[in-house]
Amino acid sequence: MEFLTLLNTDPYLRNLVDKGIEGVHYEKNDNGTIKDLPARVDRYNVPSYSLGNFFILDLYENDPKDKWDKFEEFNKSAKIAPTLGFHFNSDPVRSELASITNISKEFYPALATGSVDPEEYLPKYNKKLKEAGIDKVLKEIQKQFDEWKSKQ
């Protein structure tokens with residue numbers, strides 16, 4: 001927990017994890033902005049958005065000075081998803097979902113990778129899903145959602 005706290009509060013640690021070692025992976029300009037060095041581009045790339053507080057990261061030389069202010073402004077303007085808080089109870093359609101899962105395991109990999117002709121296989125997939133009760137599942141989800149929504 002201490003490490004996670006530091007990752008979200010300590011600019012040195014956050015930049016170290018994200019950008020690497022100053023002078024090796026990046027260099028700092030006189031104005032405080034940074035520039036990647038070949039070692040970072042070639043061998044050290046961390047998905048910045050996926051861990052830690054990015055509001056304390058150093059700016060790149062071509063970043064706008066108000067980059068993090070604009071991010072914060074954008075985040076504050078976000079709208080809450082209308083389905084936030086809805087939890088589907090699958091008990092009423094458990095057997096249908098089991099059948100749908102098995103059918104999906106059979107068809108999805110080949111369709112998703114383009115290994116089969118979708119003109120031929122997609123209708124077969126959809127037919128099997130119908131036979132397995134996908135309409136019943138969708139109806140149950142909608143029923144539960146409508147009940148939940150009416151109480152919000």
To the nearest 0.5 Å, how far apart are [atom1] in [X] and [atom2] in [Y]?
X      : Y      : atom1 : atom2 : value
Arg14  : Ser48  : CZ    : OG    : 6.0 Å
Asp66  : Glu73  : CG    : CD    : 8.5 Å
Lys130 : Lys136 : NZ    : NZ    : 15.0 Å
Lys76  : Phe71  : NZ    : CZ    : 15.0 Å
Ile134 : Ile141 : CD1   : CD1   : 8.5 Å

> Can a donor-acceptor pair be found between the side chains of Asp36 and Tyr60 at a distance below 3.5 Å?
Replying inline: yes

> Is there a donor in the side chain of Glu106 and an acceptor in the side chain of Asn102, or the other way round, less than 3.5 Å apart?
Replying inline: no

Heavy-atom closest pair, residues [X] and [Y]:
X      : Y      : result
Leu111 : Pro118 : CD2-CA, 4.0 Å
Ser99  : Ala132 : CB-CB, 3.8 Å
Asn89  : Pro92  : O-CD, 3.2 Å
Glu140 : Gln144 : OE2-NE2, 2.8 Å
Leu59  : Pro64  : CD1-O, 3.8 Å

> Checking side chain to side chain contact (heavy atoms under 4.5 Å, CB included) for the pair Leu7/Leu51: CA distance, chi angles, key distance, verdict?
Replying inline: CA-CA 8 Å; Leu7 190 62; Leu51 69 143; 3.8 Å; yes

Can you establish whether the number of heavy atoms outside [X] located under 6.0 Å from its atom [atom1] is more than 12?
X      : atom1 : result
Ile80  : CD1   : no
Phe55  : CZ    : yes
Lys67  : NZ    : yes
Glu119 : CD    : no

>> Run the salt bridge (Lys or Arg N to Asp or Glu O under 4.0 Å) test on Glu61 and Lys35 for me, step by step, so that the C-alpha distance in whole Å, both residues' side-chain angles and the decisive distance to 0.1 Å come before the verdict.
In response: CA-CA 6 Å; Glu61 56 192 356; Lys35 175 182 168 184; 5.0 Å; no

Tell me whether [X] shares a hydrophobic cluster with [Y], the cluster being built from Ile, Leu, Val, Met, Phe, Trp, Tyr side chains joined at under 4.5 Å.
X      : Y      : answer
Ile56  : Leu6   : no
Ile103 : Leu138 : yes
Leu13  : Phe54  : no
Trp148 : Phe88  : yes
Leu37  : Ile21  : no

>> I'd like to know whether Ile34 forms a side chain to side chain contact (heavy atoms under 4.5 Å, CB included) with Lys19, so could you lay out the CA-CA distance, the side-chain angles of the two residues, the decisive distance to 0.1 Å, and finally the verdict.
In response: CA-CA 10 Å; Ile34 62 169; Lys19 307 291 187 237; 3.5 Å; yes

> With a distance cut-off below 6.0 Å to the six-membered ring centre and an angular limit of 45° from the axis, does Lys149 pair with Phe145 as a cation-pi contact?
Replying inline: no

> Is Lys124 paired with Glu120 through a side-chain N to carboxylate O contact shorter than 4.0 Å?
Replying inline: yes

> Salt-bridged, Lys127 to Glu131, with N to O below 4.0 Å?
Replying inline: yes

> What do the steps show when you test Asp91 against Arg94 for salt bridge (Lys or Arg N to Asp or Glu O under 4.0 Å), and what is the final call?
Replying inline: CA-CA 5 Å; Asp91 289 345; Arg94 178 158 284 152; 2.7 Å; yes

> Which class fits the ring pair Phe107 and Tyr125: parallel under 30°, tilted 30 to 60°, perpendicular over 60°?
Replying inline: parallel

>> I'd like to know if the side chain of Asn31 reaches the main chain of Thr33, judged simply by a donor and an acceptor atom lying under 3.5 Å from each other, with no hydrogens or angles considered.
In response: yes

>> The test is side chain to side chain contact (heavy atoms under 4.5 Å, CB included); show your working for Asp18 and Arg40 and say whether it passes.
In response: CA-CA 10 Å; Asp18 189 74; Arg40 179 168 194 281; 4.1 Å; yes

